[in-house]
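Below: the structure, in structure tokens.
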Amino acid sequence: MIPGPTPVPEKVLQALSKHPIGHRSKEFQELVESTTRNLQWLHQTKNDVLTITGSGTAAMEAGIINTLSKGDKVICGENGKFGERWVKVAMEYGLDVIKIASKWGTPLNPEEFKKILGEDIQKEIKAVILTHSETSTGVINDLKTISSYIQEHKTALSIVDCVTSLGACNVPIDEWKLDIVASGSQKGYMIPPGLSFIAVSQKAWNAAEKSNLPKFYLNLKSYKKSLLSNSNPYTPAVNLVFALDESLKMMKEEGLHNIFLRHKKHKLAISNSIKALKLKLFADEKYLSPSITAIETGELDAEEFRKTIKNKYDILLAGGQDHLKGKIFRVGHLGYVNDRDIITVITAISNTLLDLGKITSQEVGEALVTVSKNLESN
Ligand SMILES: Cc1ncc(COP(=O)(O)O)c(C=O)c1O
């Protein structure tokens, strides 16, 4: 139960094991046509959704280098490890970064974006780069509000990392007018790592005409041109596309509304039972990510705690990153996760705390009742 790679359904594993076919064949073109159509459905957009063979970082980097030019002024939101990564990428490409930071565990403040964008009378800010669901802390940022402020600015683009929000909660790209949205296969998509996806608006394509940052493999114009004939510019990870086709069909069968509801229910079941166990949530409770819950362990070493759960229950939990190592552990509940997984992980956490003498058996009982009640709701 880590926030990616996430579990892969049997049907998808079977699709993966097929013999690869030629990527210039008619069969593969049909596959590209159907996955692209279903990706647009999942992204709630009429914009182009391009598939890149590469991880989520490739899609984010592509978003930055295809739309911007050296020296461009950009705002980067930073309230965790991934926000920090986009600051590094932007600086590596010589962009002029204005950082809007917030303490790890707290959300970005949309009003700070409004203020800086509102003061930009000369329209020097070319893009706002941010992470929707911050996997390192379990915080979801208020993308809808921030995007509305970007709309008021008019010329700046939004470049958003939706790696752990897409396929887990509502990200209506057209309604929120998002320009670049990046995501990765090993998360809500329920397939192994190796593919990433990027939705590109017309405003972003217009910006691409002026962009002078170096690019070759990640030049999105090549992907767009190939897509006109349902093809790829380079050899794609053919078997991952088989898997994608299957997982998107599964997602369509479940329906967007039900997928979002399931993630919300699991988030609440975990966060409420964690509180019943007298542990503290690391993230601001009003901004809990639907995909991942970060939990503080107080005087307990979170790494030892994770090790015990792995050895005793064979459940892998994620650790804290950077200064949070040993202080928090993170439960991933993204993608192919069902109620049984949630009950099992809470039971394992409860029993481990009981063994350590940190809680009573009555408190274990309360946590298990809490998890069941939350799972029964909706
Ligand atoms: C929010 C977020 N952004 C970006 C990434 C990077 O994706 P990848 O490791 O697929 O490059 C991750 C991976 O965990 C993530 O959670």
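These values consider heavy atoms only, across backbone and side chains, with no hydrogens, waters or symmetry-generated copies. Each ligand, and each atom within it, is numbered from 1 in the order the structure gives.
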Hits for side-chain hydrogen bond (donor to acceptor under 3.5 Å, both in side chains) against Thr370, two or more places apart or cross-chain, chain-then-number order -> none
Could you check whether Lys358 pairs with Glu363 (Lys NZ or Arg NE/NH1/NH2 to Asp/Glu carboxylate O, under 4.0 Å)? no
Hits for side-chain hydrogen bond (donor to acceptor under 3.5 Å, both in side chains) against Tyr93, two or more places apart or cross-chain, chain-then-number order -> Glu61
Note to self: Quick test of your reading of the model: are Lys307 and Glu304 salt-bridged, counting only N-O distances below 4.0 Å?
What the structure shows: yes
Residues 274-309 vs ring-ring contact (aromatic ring centres under 6.0 Å, His included), sequence neighbours excluded, gives Phe305-Phe329
Output for ligand 1, non-hydrogen cut-off under 4.0 Å, lists Ser55, Gly56, Thr57, Phe82, Arg85, Trp86, Thr131, Ser133, Thr135, Asp161, Val163, Thr164, Gln186, Lys187
- Query: Salt-bridged, Glu92 to Lys88, with N to O below 4.0 Å?
  - Reply: no
